[in-house]
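These notes concern the structure reproduced below.
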Amino acid sequence: MRLYDPLAPVLAAALALAPAPTGAGQSCTEDAMIVFDGSGSMAEIGSTGIGVPRISEARTALNRVIPEIAAARRLGLVIYGPAGDRTCRNIDLRFAPQWQAAPRLLADVQALRPAGGTSLTDAVKRAAEVLGAPGNSGAVVLVTDGKETCGGQPCQLAAELAATAPGLTVHVIGFKVRDDWPDPGRTEASGDATVARCLADRTGGRYVGAETVDELVGALRVTLGCNVFGQASDRARRLARLTTGP
């Protein structure tokens, strides 16, 4: 008979969010594409009241977490925003998944100057195509402040991906999302969640909201993690089995 420890779920969650130990010697088996919001709204000052634009805080979070993840997983990058004609034809595939992508990924985001519209739906679709959907498995991690201003319908894309690419998972990080940005093709209120949340809900992914740098770091670790990412996550899973049964 197993005894239930009321602190076990808290400990399991803390372990799952902990960074992977250096030199863990483990690698993810699936590639991941990061879809990063480079639209004009990322240059706006958030709710902190200290004059820091979203892009600055996002860079800080990426600098903290991407090096450890890139050592365990092949990463690629799509940016939407300041490319093309600076309106909606602005999806830029920077590179397909590769090992040790941290220097290139961080340099691309550092050089980014947010501008243009938010074509997040088409950007996620492009990332899925790079991963080989339909057919291949993999993960797309969308980092967005919530808008879709280019006529895309994220919930329609979510339904298409769920039907045609069952091996693909889309995770969505809503960074400083505000409620006054409606979702084309959706009738219910979005609350404090990005309009793209349905991309995660319908593909078996996670939606994580973040308001601070620390929360964004945690969201990146959760969504870019995988079944063999780090000994800390392994310990968390073992503990969960002991406390909840097989």
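Heavy atoms only: backbone and side chains are in, while hydrogens, waters and symmetry mates are out. We number each residue from 1, following the sequence as shown.
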| note | dist Tyr207:OH -> Leu142:CG (nearest 0.5 Å) comes out at 10.0 Å

| For the student: nearest non-hydrogen atoms of Ala158 and Cys198, plus distance | CB-O, 3.4 Å

| query | Does some side-chain heavy atom of Pro82 sit less than 4.5 Å from a side-chain heavy atom of Arg113? | reply | no

| query | For Leu120 and Pro154, which heavy atoms make the closest approach, and how far apart are they? | reply | CD1-CB, 4.3 Å

| said: Please find the pair of heavy atoms, one from Ala123 and one from Ile91, that lie closest to each other, and give the distance. | reply: N-CD1, 3.5 Å

| query | What is the minimum heavy-atom distance between Phe95 and Ala101, and which atoms define it? | reply | CE1-CB, 3.8 Å

| said: Looking at His171 and Val141, would you say the former's side chain and the latter's main chain have a donor-acceptor pair under 3.5 Å? | reply: no

| message | Donor-acceptor check, side chain of Arg94 to backbone of Leu105, threshold 3.5 angstrom: yes or no? | response | no

| said: Quick check against the 3.5 Å criterion: does Arg221 have a side-chain atom that pairs as donor or acceptor with the backbone of Val65? | reply: no

| task | Begin with the C-alpha distance, continue with both residues' side-chain angles, and end with the deciding distance and a verdict on side-chain hydrogen bond (donor to acceptor under 3.5 Å, both in side chains) for Asp214 and Thr212. | result | CA-CA 5 Å; Asp214 286 343; Thr212 67; 5.4 Å; no

| query | Cluster question for you: counting only ILVMFWY and a side-chain heavy-atom cut-off of under 4.5 Å, with indirect links fine, are Val143 and Val109 together? | reply | yes

| Atom pair OG/CD1 of Ser39 and Ile79 - distance to nearest 0.5 Å | 11.5 Å

| query | Shortest non-hydrogen contact from Glu57 to Val52? | reply | CG-CG1, 3.5 Å

| Rounded distance (nearest 0.5 Å) linking atom CG of Asp108 with atom CD1 of Ile34 | 11.0 Å

| request: Give a yes or no on whether the backbone of Gly117 and the side-chain of Asn90 come within a donor-acceptor separation of less than 3.5 Å. | output: yes

| request: Ignoring hydrogens and angles, tell me if any N or O in the side chain of Thr118 forms a donor-acceptor pair with the backbone of Thr149 under 3.5 Å. | output: no

| Are Val208 and Leu224 linked, directly or through other ILVMFWY residues, by side chains that come within less than 4.5 angstrom of each other? | no

| Asn136 and Leu131: CA distance, side-chain angles, deciding distance, side chain to side chain contact (heavy atoms under 4.5 Å, CB included) verdict | CA-CA 7 Å; Asn136 292 343; Leu131 290 172; 5.8 Å; no

| task | Report the distance from atom CG of Leu216 to atom CZ of Arg59, rounding to the nearest 0.5 Å. | result | 13.0 Å

| said: I'd like to know whether Val222 forms a side chain to side chain contact (heavy atoms under 4.5 Å, CB included) with Arg206, so could you lay out the CA-CA distance, the side-chain angles of the two residues, the decisive distance to 0.1 Å, and finally the verdict. | reply: CA-CA 8 Å; Val222 167; Arg206 294 174 181 261; 3.2 Å; yes

| remark: Between Glu211 and Glu215 the two heavy atoms that sit nearest each other are N-OE1, 2.7 Å

| task | Would you check, one step at a time, whether the test side chain to side chain contact (heavy atoms under 4.5 Å, CB included) holds for Ile173 with Leu220? | result | CA-CA 8 Å; Ile173 300 174; Leu220 289 165; 3.7 Å; yes

| query | Is a donor on one side and an acceptor on the other found under 3.5 Å between the side chain of Glu148 and the backbone of Cys150? | reply | yes

| query | Would Leu112 and Phe36 satisfy side chain to side chain contact (heavy atoms under 4.5 Å, CB included), going step by step from the backbone distance to the final call? | reply | CA-CA 10 Å; Leu112 182 62; Phe36 189 82; 3.7 Å; yes

| request: Please determine if Arg126 and Asp92 form a salt bridge, counting it only when a charged side-chain N lies under 4.0 Å from a carboxylate O. | output: no

| message | Working to the nearest 0.5 angstrom, can you tell me the gap between Arg202 CZ and Leu157 CG? | response | 10.5 Å

| Rounded to the nearest 0.5 Å, what separation is found between the CD atom of Gln153 and the CG atom of Asp122? | 11.0 Å

| message | Within the structure provided, determine whether Tyr80 and Asp37 are in side-chain contact (heavy-atom separation under 4.5 Å). | response | yes

| query | Taking 4.0 angstrom as the limit, do Asp145 and Lys176 come out as a salt bridge? | reply | no

| Are any non-hydrogen side-chain atoms of Met33 and Pro97 less than 4.5 angstrom apart? | yes

| message | Looking at Leu106, is its backbone amide N or carbonyl O close enough to the side chain of Gln110 to form a donor-acceptor pair, meaning the two atoms are under 3.5 Å apart? | response | no

